[in-house]
Chemist: 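Pasting in a structure now, in structure tokens, and then I'll have a few things to ask.
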Amino acid sequence: MKISLCTISFRHQLIDLKDIAFWARDTGFQGIELWGVHARNQSPLAIHNAQWMAAQGLSIPMISDYLPLQDRQELTRRTRALCALAQTWGAGKIRTFAGMQASATVPAADRDQTTRALRHACDIAADHGLRLLVETHPGTLADTLASTVALIDATNHDALAINFDALHVWEGGDDPVMARRTLLPRIAHYHLKNVSDRARLPVFAPANVYSAAGCRTGMVPLMEGAYDYRALLRAMWQDGPCEASLEWFGDEVFQTLKNDIAEIRALTAAEPTIAGQTGTTHQTASAG
């Protein structure tokens with residue numbers, strides 16, 4: 001399992017990307033998922049680019065952004081720019097959301113419009129050799145398993161993939177382990193975070209998360225929350241190589257991320273199907 005950290009975790013802190021990269025490398029992360037605004041605002045003259053990252057043993061697996069699906073012209077412009085940015089950073093994936101309306105209440109015409117917009121964005125991504133990931137998220141057309149499957153079928157594009165945010169899948173009323181089995185052919189990335197109690201889930205509302213003065217009560221380390229990640233992490237590990245990002249929005253960023261990745265590594269290392277004596281543990285898991 002290849003684990004990245006998200007630069008969105010540092011959205012309210014003045015920390016240089018170089019310093020984040022050094023810390024990520026030394027803490028055992030293998031990649032850095034760039035928030036769109038961070039990727040756009042890195043100087044093109046900076047030496048801390050994709051090649052420098054690779055020299056540190058780090059990759060940029062994905063750039064996470066928000067495409068304007070309601071405006072065809074602006075969508076075309078922004079998607080092309082995002083794809084070019086992803087190519088500059090060596091990222092194979094770009095992420096967006098499937099609209100801004102919950103699947104249970106969205107009018108049929110709006111659902112169709114969103115689907116057409118995503119298909120258009122997928123065309124552009126495919127032309128750049130990239131995949132467009134839609135995140136499982138409340139208040140979008142990917143807020144439940146059923147709606148996510150319907151969205152994939154309606155979009156009908158090979159470049160469309162899923163960023164599987166396990167907590168939001170759980171929030172939508174589905175079992176993440178079962179939902180993962182259904183979506184697995186389309187899952188290209190995972191977001192991992194947790195909450196102290198289901199009643200605290202609104203703490204992840206975008207308006208609260210992006211506000212420097214927002215509430216952080218309820219944001220807890222990955223293995224200490226209301227959703228038990230153990231079964232999901234084991235399934236992810238046993239099914240072979242995958243890419244995931246620890247998405248932390250709370251305080252004490254460095255300490256929390258350090259503890260979370262250590263606990264994930266400890267859990268997966270303890271798996272009897274993985275921790276064999278041949279030294280080819282990942283190949284053994286993949287063969288199953």
Side-chain angles (χ1 to χ4, degrees), residues 1-4 6 31 33 61-67 69 91-104 106 111-112 114-119 121-122 125-126 130-195 198 201 204 222 225-247 264 268 285-286 288:
M1 186 189 306
K2 185 176 180 179
I3 304 177
S4 299
C6 301
E33 178 185 322
M62 182 164 71
I63 297 181
S64 292
D65 208 11
Y66 318 92
L67 295 175
L69 301 180
K93 299 172 283 191
I94 55 175
R95 184 226 63 179
T96 192
F97 292 115
M100 296 180 291
Q101 294 176 277
S103 62
V106 64
R111 177 183 283 272
D112 291 343
T114 297
T115 300
R116 289 193 301 271
L118 286 172
R119 190 181 302 121
C122 283
L130 305 173
R131 301 184 78 183
L132 175 67
L133 274 59
V134 166
E135 183 163 325
T136 53
H137 200 281
T140 72
L141 294 185
D143 55 5
T144 68
L145 175 60
S147 184
T148 303
V149 170
L151 178 68
I152 293 171
D153 291 343
T155 306
N156 190 28
H157 202 294
D158 289 342
L160 183 71
I162 297 298
N163 182 44
F164 189 91
D165 189 305
L167 187 68
H168 290 321
V169 171
W170 179 74
E171 178 178 2
D174 296 296
D175 174 10
V177 175
M178 298 298 294
R180 175 182 172 275
R181 292 175 187 169
T182 300
L183 296 173
L184 191 56
R186 291 280 184 166
I187 296 175
H189 205 90
Y190 297 84
H191 270 179
L192 308 176
K193 59 176 177 284
N194 218 331
V195 71
R198 183 175 284 275
L201 283 165
F204 292 112
L222 194 68
Y227 176 65
D228 187 345
Y229 265 93
R230 287 174 295 181
L232 178 64
L233 289 170
R234 286 173 180 138
M236 289 166 58
W237 179 257
Q238 291 174 347
D239 282 348
C242 65
E243 294 187 323
S245 296
L246 289 175
E247 192 180 37
I264 292 173
T268 53
S286 299

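All of these numbers come straight from a predicted model, not from anything done at the bench.
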Chemist: Verify the distance criterion only: is there a donor paired with an acceptor across the side chains of Q101 and T140 at less than 3.5 Å?
Modeler: no
Chemist: Drop me the distance from I94's CD1 to L67's CG, to the nearest 0.5 angstrom.
Modeler: 6.0 Å
Chemist: Does the K93 side chain pair with the main chain of A188, one donor and one acceptor, at a distance under 3.5 Å?
Modeler: yes
Chemist: For Y190, give me all partners under side chain to side chain donor-acceptor pair (under 3.5 Å), at least two apart in sequence or on another chain.
Modeler: R180
Chemist: Kindly indicate, with the supporting measurements, whether the criterion salt bridge (Lys or Arg N to Asp or Glu O under 4.0 Å) is fulfilled by E33 and R95.
Modeler: CA-CA 10 Å; E33 178 185 322; R95 184 226 63 179; 5.2 Å; no
Chemist: Of all the heavy-atom pairs spanning E243 and P61, show the shortest one and how long it is.
Modeler: OE1-CB, 3.8 Å
Chemist: For the atom pair CG (L246) and OG (S4), what is the distance rounded to the nearest 0.5 Å?
Modeler: 9.0 Å
Chemist: For R198, is there an ion pair with E171 - N to carboxylate O distance below 4.0 angstrom?
Modeler: no
Chemist: Please enumerate all residues that pass ring pair (Phe, Tyr, Trp, His ring centres under 6.0 Å) together with H189, with sequence neighbours excluded.
Modeler: none
Chemist: Do the side chains of N194 and Y229 get nearer than 4.5 Å, heavy atoms only?
Modeler: yes
Chemist: Give the intermediate values and the outcome of side chain to side chain contact (heavy atoms under 4.5 Å, CB included) for residues L184 and D239.
Modeler: CA-CA 10 Å; L184 191 56; D239 282 348; 4.0 Å; yes
Chemist: Which is it for V195 and Y227 under the side chain to side chain contact (heavy atoms under 4.5 Å, CB included) test, yes or no, and what are the steps along the way?
Modeler: CA-CA 7 Å; V195 71; Y227 176 65; over 6 Å; no
Chemist: Say you draw a straight line from CD1 of I152 to CG of L141; how long is it, rounded to the nearest 0.5 Å?
Modeler: 12.0 Å
Chemist: Where is the tightest heavy-atom contact between T144 and G172, given as atom of each residue plus distance?
Modeler: CG2-O, 4.0 Å
Chemist: So which heavy atom on S147 is nearest to which on R111, and how close?
Modeler: OG-NH2, 3.4 Å
Chemist: Can you name the closest pair of heavy atoms from T182 and V149 and give their distance?
Modeler: CG2-CG2, 4.0 Å
Chemist: Under 3.5 Å, which donor-acceptor pairs do the side chains of residues 157-165 form with other protein atoms, sequence neighbours left out?
Modeler:
{"from": "H157", "atom 1": "ND1", "to": "A159", "atom 2": "N", "distance (Å)": "3.1"}
{"from": "H157", "atom 1": "NE2", "to": "D123", "atom 2": "OD1", "distance (Å)": "2.7"}
{"from": "N163", "atom 1": "ND2", "to": "E135", "atom 2": "OE1", "distance (Å)": "3.0"}
{"from": "N163", "atom 1": "ND2", "to": "H191", "atom 2": "ND1", "distance (Å)": "3.2"}
{"from": "D165", "atom 1": "OD1", "to": "L167", "atom 2": "N", "distance (Å)": "3.3"}
{"from": "D165", "atom 1": "OD1", "to": "H168", "atom 2": "N", "distance (Å)": "3.2"}
{"from": "D165", "atom 1": "OD1", "to": "K193", "atom 2": "NZ", "distance (Å)": "3.3"}
{"from": "D165", "atom 1": "OD2", "to": "K193", "atom 2": "NZ", "distance (Å)": "2.3"}

Chemist: Any non-hydrogen side-chain atom of T96 less than 4.5 Å from a side-chain atom of D65?
Modeler: no
Chemist: To the nearest 0.5 Å, tell me how far I264 CD1 sits from L192 CG.
Modeler: 5.5 Å
Chemist: Drop me the distance from T136's OG1 to L183's CG, to the nearest 0.5 angstrom.
Modeler: 8.0 Å
Chemist: For residues D143 and H137, determine if any side-chain heavy atom of one lies less than 4.5 Å from a side-chain heavy atom of the other.
Modeler: no
Chemist: On a heavy-atom basis, which atom in P185 and which in R181 lie closest, and how many Å separate them?
Modeler: CD-O, 4.4 Å
Chemist: Minimum heavy-atom separation for A179 to V169, with atom names?
Modeler: CB-CG1, 3.7 Å
Chemist: Between atom OG1 of T114 and atom CG of L151, what is the distance when rounded to the nearest 0.5 Å?
Modeler: 8.5 Å
Chemist: Are D228 and W170 side-chain neighbours, meaning at least one heavy-atom pair lies under 4.5 Å?
Modeler: no
